[in-house]
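Every chain is numbered from 1 and lettered A, B, ... according to where its sequence line falls, protein lines coming before strand lines.
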There are 2 protein chains.
Amino acid sequence: MRLSLQTDYALRTLIYLAGRPGRHQVREVAEFFRISKDHVAKAVRRLAQQGYIRSVRGVGGGIELARSAESISIGQVVEDFEGSLALLDCVSIEGVCTIQPACGLRHVFAEAERRQLEYLNSVPLSQVVRPAGELQEFVLLDLN
Amino acid sequence: MRLSLQTDYALRTLIYLAGRPGRHQVREVAEFFRISKDHVAKAVRRLAQQGYIRSVRGVGGGIELARSAESISIGQVVEDFEGSLALLDCVSIEGVCTIQPACGLRHVFAEAERRQLEYLNSVPLSQVVRPAGELQEFVLLDLN
DNA sequence: TAAAAGAGGCATTTGAGGTGCATCTTTTGA
DNA sequence: TCAAAAGATGCACCTCAAATGCCTCTTTTA
């Protein structure tokens, strides 16, 4: 019942980039969050494929937001990385439950999911980002 | 991102019982849903421990609802079986994310979870139950 | 006292996700 | 033109929670 680490890394990367305009390296992001570079790289690839970020290869390359932090919704990122948030198979897949036609559960969980996503979709990336200064300050504290 | 089968079985068992007053055997429930008796038995035990159903051992024993279908909320059952519905560790556990103090994500996902549970808590078991006739009808159809 | 029925524990399997590594491709600049 | 930087990609293994099945124990009734 929780988001995968991939989604977590993707969101963190977006937050990092949104708080620090310009181009940054995957290595830099990974070190900032103390995560393996490989994991960040995989989240980054998907983010690039889905158009959230732009990545540039080669010397001086790196990644940067491809869209404004205001236009990216947290819910959209979660959906792209998690697929459905369906709580039960019967919400998204046909023919799973023996009593399906007579069971109101399907509708109830679909509605629960809808309410959750509706809210997450209403939250733009920009809303969860704090100025880079605050992030930096905390990291320095943490390192001491 | 979905409920465990245990939770699924628990909900189905409750629906079965709510639609058919009186005492029923675990074996009967298992056969109705075409699930292994063992799995149902385990969900049943937890349901009994948490006071949703009453179980009676021995000859002529079985299980039955211990509370009214109106007083049992789907959300409560889900919480009891799934623990937290937190989407991210940082929502329910301290000290997971490096940037936690500067990250608005924690609050956002907590709110998303709250909205989902608020809805699920508002749905009573009685609302997702159809008369036994409907269930029976479908099963007969399915068996042909 | 035997049979019914739930309680409980254990051992195994399984699959998704996490993790690390090796290699390829692109790009730049000396 | 070539070496180094940096992202892209695929592969293999690991890990852990959930699922699964089985066996035995305990309670209850006729």
Atom pair distance, as rounded to whole Å: [atom1] in [X] and [atom2] in [N]:
X: A/Arg45; N: D/dA6; atom1: CZ; atom2: P; answer: 18 Å
X: A/Arg23; N: D/dA5; atom1: CZ; atom2: P; answer: 17 Å
X: A/Ile53; N: D/dA6; atom1: CD1; atom2: P; answer: 16 Å
X: A/Phe33; N: C/dG18; atom1: CZ; atom2: C1'; answer: 19 Å
X: B/His24; N: C/dA4; atom1: NE2; atom2: C1'; answer: 18 Å
X: A/Arg54; N: D/dA8; atom1: CZ; atom2: P; answer: 13 Å
X: A/Lys37; N: C/dT23; atom1: NZ; atom2: P; answer: 15 Å
X: B/Gln25; N: C/dA3; atom1: CD; atom2: P; answer: 17 Å

- Task: Indicate whether OP1 or OP2 belonging to C/dA7 is found under 4.0 Å from a side-chain N or O atom of B/Ser55.
- Result: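 So the side chain of B/Ser55 is within the cut-off, an N or O lying under 4.0 Å from OP1 or OP2 of C/dA7.
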
Can you tell me which nucleotide in [options] comes closest to the side chain of [X]?
X: A/Gln6; options: C/dG18, D/dG7, D/dA19; value: C/dG18
X: B/Val44; options: D/dT20, D/dG7, C/dA7; value: C/dA7
X: A/Tyr9; options: C/dT19, C/dA7, C/dG6; value: C/dT19

- Query: Between CZ of A/Arg114 and CG of A/Asn121, what distance do you get to the nearest 0.5 Å?
  - Reply: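 Answer for the CZ-CG pair, A/Arg114 versus A/Asn121, is 11.0 Å.
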
- Query: Looking at CG of B/Leu65 and OG of B/Ser126, how far apart are the two atoms once the value is rounded to the nearest 0.5 Å?
  - Reply: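 If I round to the nearest 0.5 Å, the distance is 10.5 Å.
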
- State, to 0.1 Å, how close A/Glu70 and A/Pro124 come at their nearest heavy-atom pair, and which atoms those are.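 Looking at all heavy atoms of both residues, the closest pair is O-CB, 3.5 Å.
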
- Message: Base, sugar-phosphate or nothing for B/Gln49? Non-hydrogen atoms, less than 4.0 Å.
- Response: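 Since only primed, P, OP1 and OP2 atoms lie under 4.0 Å of B/Gln49, the category is sugar-phosphate.
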
- A/Tyr9 side chain reached by A/Val44 side chain, heavy atoms, under 4.5 Å: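 No, too far: nothing below the 4.5 Å cut-off.
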
- Item | Sugar-phosphate or base contact per nucleotide [nucleotides 21-30 of chain D; S, B, -; heavy atom under 4.0 Å] | BB---BBBB-

- Sequence neighbours excluded, every pair satisfying side chain to side chain donor-acceptor pair (under 3.5 Å) that has a member inside residues 37-47 of chain A: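 Checked against side chain to side chain donor-acceptor pair (under 3.5 Å) - neighbours excluded - no pair reaches residues 37-47 of chain A.
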
